[in-house]
Amino acid sequence: MNEKTELAIGILCFGAGCIAAATSGVIGALLAGLAGCLLGGGLGFLLFSAIEGSGHVTEGTKKALFVLLAIPVLVMVLFIHLGAALPVSLFVSGILTEGILLSNGLLCGYLSADRKMLEMAQVFRMPGENVLRYLVLPSAKNALERRIPLGFLVSFALGLAGCAGVFSLTLCVSLLLAAFGAGLLAAFFVSHLFGKALS
Amino acid sequence: MTIQVEDVSKAFAGKSVLSHFNLEIASDTCYAVVGEKGSGKTTLCRLLLGLERPDSGRIRLLGDYKYAGVNAGAVFEEDRLFENMTAVENAALISKRLSEKIAAEELSKLLPKERLTVPVSDLTEAERRLVCIVRATLVPSDVLVFDEPFTGLTKEQRKSALDYVLSVKGTPPLVITSETYEGLSFAKKVDIHEGIALQQV
């Protein structure tokens, strides 16, 4: 998947979130649900396409990442049903989402670091901080530069969609989050099946 | 310390690269592994450096040696330099104990001083190889493994590089691979052909 497609998906999610947030009542909640689906789909598709595209990540890692991706949804449901303040639940889920995006960038960065240079570092017993500074971080930076703007868009849209749902009804929030989870799940399978062909 | 390469075989994608290869590498000795391209020289280097594992046979470190793997100084077939850094920076960053001052002093024995402060991407092929050779000798090592180190060097540069290496290397063995034995008569010759050591002189 190229950068333009990624950006288009991000903008789509962002737009859906904005519309959902700007609309009140049941329509807002339904739109928020739709935004959740789009967000889940977009986010899941992006992450798993990136992972598929890197060609280095094992099936086990994909499953672990999938579990991690589900956490923001679970945390938000849990927090809201426990009566936690909205900012808290949004903050926690936002941090988790960003964390996943960042770690995905770092992972891809490490995996895309020059193998030959890493071998050179290994043979010369190069100090760890130099390996990190001169080999891992530069390639991680490249990966992050591609992922962070989109990560912010997606997280922002997630927050807006969540706000819209909470402002409507708690039930609708649950619906939204369930839809988000379902979208994520669907995206995982779609991406898993077709990710390589599309990336 | 002696490195014993014992009956080592290695294949890639079903193609045999080294076949029942034997070599004993003793301290204070130089070895010239001579063979044509694709004869298994680079694979032998990678095995010695611990970057590959043999499919069969073994590489043993004999004598009083406390480390699991061999501490090596290496010149790789490719330069493997940080392109946007200078020669001095490239040499200095491989060890905490190395200062840029020391690296510059050593590099200036083979390279003009004005070439030490430009990014290595601006150096000639020969100059880059000289940086690699100096870098390999800057860290304390138990063996020096040089894979085609003289590619692109003139005869004079090759001689001065060899003189430099022999003057600074100390007791660790030196393994040099090359397509020809020319200029390496100080070293024991190990002919290698299609992954098989033909003779050890």
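Convention: sequence-line order gives letters A, B, ...; per-chain numbering from 1. None of these values were measured; they are calculated from a predicted model.
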TODO: Go through A/Gln122, A/Met117, A/Arg125 and name the one with the most non-hydrogen pairs under 4.5 angstrom from chain B.
DONE: A/Arg125

Open item on the list: Quick check for you: among B/Val139, B/Leu81, B/Leu93, which has the greatest number of heavy-atom pairs under 4.5 Å with chain A?
Closed with: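 Of the candidates given, the most pairs with chain A belong to B/Leu93.
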
Please determine if [X] and [Y] form a salt bridge, counting it only when a charged side-chain N lies under 4.0 Å from a carboxylate O.
X	Y	value
B/Lys37	B/Glu77	no
B/Lys41	B/Glu179	no
B/Lys109	B/Glu106	yes

- [ ] Show the numbers, then the answer: is there a side-chain contact (heavy atoms from CB on, under 4.5 Å) between B/Leu162 and B/Phe146?
- [x] CA-CA 11 Å; B/Leu162 259 177; B/Phe146 288 11; over 6 Å; no

Less than 4.5 Å to any heavy atom of chain A: does that hold for the side chain of [X], its backbone, both, or neither?
X	result
B/Leu138	neither
B/Phe76	side chain
B/Arg135	both

Task: Check: B/Glu36/B/Ser39 side-chain N/O donor and acceptor closer than 3.5 Å - done: no

